[in-house]
**Q** 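Structure in structure tokens, see below.
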There are 2 protein chains.
Amino acid sequence: MAADDTVVDRFTSWLRDRGLPVTAQRVAVAEVLFEADRHLSAEEIAAELNGRGSKVGTATVYRTLDVLLESGLVVERDFGEGFRRFESARDVPQHEHLICTGCGRVEEFRDDRIERIAGELAESRGFTRERHRLVIYGRCRSCRAANS
Amino acid sequence: MAADDTVVDRFTSWLRDRGLPVTAQRVAVAEVLFEADRHLSAEEIAAELNGRGSKVGTATVYRTLDVLLESGLVVERDFGEGFRRFESARDVPQHEHLICTGCGRVEEFRDDRIERIAGELAESRGFTRERHRLVIYGRCRSCRAANS
DNA sequence: ATAAATGCAAAGGGTTTGCAAAGGC
DNA sequence: GCCTTTGCAAACCCTTTGCATTTAT
């Protein structure tokens, strides 16, 4: 309930508010995710934690991600790679993705037109829009130059 | 090379053109997929085949799907369900998806604005657009009524 | 006859689950 | 102390692969 500063604090508050244990593992996973500037996979999170000396089991990483998703502080993405990626919901009210089919780089951007049109389209078909996802695939400048 | 009528015929021609065997299993999988009006999963295809009395192994379904994808007559979709879905490329030049978060129903539609904007957005960031995917999630009328 | 496809079962990758031990509350 | 989380390994789901056998050409 308290108005804390960091996102990790918001997570611990969220846990406390519902009487859930604030464990070192949960905090560690949250830190990695909130400090990251990329979409992280569960495996990458586990690797990063090991690199920092925190030994967190794979199952715990997944279970903590479930909790983080439930808190609404983290969102998941599926780019069709065969696994999910996660990112802080902080910097991301609603944004689209542009993915390079050469190097896999992901760029994010916002566009009001897309949001407005998505809402219109849903409504015109009797749907209440909840969210949408636009992913544009293409080749970035460097990949085009390298012809890789 | 011949100008055949059905999509299945186009598939068998495609196979013959490159000296690949036209097997009963391949034709059966193609038939199911081309007759379907929905996005089918590999499992659903196998189930349908069993229902029809054609016993086709899972591995063969997947291998045939690879061939069909290569022929360009079938496209695959990933709606983040943890598995892929397949559909005939026939009726689908470029379209978007509207998915009900209640019942999972999938509606398809086209919108020129989306396509134009996607192209613009990619180019403005130095990308050559190859394709895009827009999925809008929401609740359809009946699910809203049922509050399910 | 030859080269490719099939079927089965085992392997594979990402994710989940069961259960005893550990740890917040 | 009670109840939840952790860790480990086994289980799971979808998909791929190895290999002996069948089949299209």
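Just so you know, these numbers come straight off a predicted model, no measurement behind them. Just so you know, these numbers use all the heavy atoms, side chains as well, and skip hydrogens, waters and symmetry mates. Sequence lines set the chain letters: A, B, ... in the order given, protein chains first and strands last, and positions in each chain run from 1.
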**Q** Does anyone know the first and last nucleotide of DNA chain C in reach of chain A, 5' to 3', at under 4.0 angstrom to a heavy atom?
**A**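 Answer, 5' to 3': C/dG14 to C/dC25.
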**Q** Between the side chains of A/Glu96 and A/Arg133, is the shortest nitrogen-to-carboxylate-oxygen separation below 4.0 Å, so that they form an ion pair?
**A** no
**Q** Whole angstroms only, please: what is the CZ-P distance between A/Arg18 and D/dT5?
**A**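 Between P of D/dT5 and CZ of A/Arg18: 13 Å.
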**Q** For DNA chain D, whose closest nucleotide is more 5', that of B/Val22 or that of B/Ser41?
**A**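 On the 5' side of the pair lies B/Ser41.
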**Q** May I ask you to establish whether B/Arg125 and A/Phe109 are in a cation-pi arrangement, using a distance under 6.0 Å from NZ or CZ to the six-membered ring centre and at most 45° from the ring axis?
**A**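 Relative to the ring axis of A/Phe109, which defines the angle, B/Arg125 lies inside both limits.
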**Q** Within less than 4.0 Å of OP1 or OP2 of D/dT15, is there a side-chain N or O belonging to B/Arg84?
**A** yes
**Q** When the distance from CG of B/Leu69 to C1' of D/dT15 is rounded to whole Å, what number comes out?
**A**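 Whole-Å distance recorded here is 13 Å.
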**Q** What is the distance from CG of B/Leu15 to C1' of D/dT23, rounded to the nearest Å?
**A**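 To the nearest whole Å, that distance equals 14 Å.
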**Q** Please determine, for the side chain of A/Thr60, which listed nucleotide (D/dT15, D/dA9, D/dT6) has the closest atom?
**A**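 Nearest to the side chain of A/Thr60 among the choices is D/dT6.
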**Q** Check every strand shown and say whether B/Arg26 touches a base, only sugar-phosphate, or nothing at a heavy-atom separation below 4.0 Å.
**A**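 If one applies the 4.0 Å heavy-atom cut-off, B/Arg26 turns out to touch the sugar-phosphate alone, with no base involved.
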**Q** Mark yes or no: B/Arg16 above the aromatic ring of B/Trp14, with NZ or CZ under 6.0 Å from the six-membered ring centre and no more than 45 degrees from the axis.
**A**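 Not satisfied by the 6.0 Å and 45° rule.
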**Q** Determine yes or no for a side-chain-to-main-chain donor-acceptor pair under 3.5 angstrom, with B/Ser13 supplying the side chain and B/Asp9 the backbone.
**A**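 Yes, the answer is positive, given that a donor and an acceptor are paired below the 3.5 Å cut-off.
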**Q** Parallel, tilted or perpendicular for A/His95 and A/His39, by the 30°/60° rule?
**A**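 The arrangement is tilted - the two ring planes meet at 30° to 60°.
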**Q** Let me know the distance between CG of A/Asp78 and P of D/dC14, rounded to the nearest Å.
**A** 15 Å
**Q** On DNA chain D, does the nearest nucleotide to B/Phe83 precede the nearest nucleotide to A/Gln25 from the 5' side, or the other way round? Give the residue.
**A** A/Gln25
**Q** Is the side chain of A/Arg144 donor-acceptor paired with the backbone N or O of B/Gly126 at a distance under 3.5 Å, no angle test?
**A**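 Flag set: sc A/Arg144 to bb B/Gly126 pair under 3.5 Å.
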**Q** Over how many whole Å does the gap from B/Leu20 atom CG to D/dT23 atom P extend?
**A** 19 Å
**Q** Within this structure, what is the OH-to-C1' distance between A/Tyr62 and D/dT5, rounded to whole angstrom?
**A**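 Roughly 18 Å, once rounded to whole Å.
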**Q** Touch check for B/Arg63, heavy atoms < 4.0 angstrom, all strands: base, sugar-phosphate only, or nothing?
**A** base
**Q** Could you state the atom-to-atom distance from CD of B/Glu44 to P of D/dC13 in whole Å?
**A**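 Checked: the CD to P distance equals 16 Å.
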**Q** Honestly, is B/Arg141 close enough over A/Phe127, meaning NZ or CZ under 6.0 Å from the six-membered ring centre and within 45° of the axis?
**A**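 Checked: cation-pi criterion not met.
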**Q** CG of B/Leu65 versus C1' of D/dT16: gap in Å, rounded?
**A** 13 Å
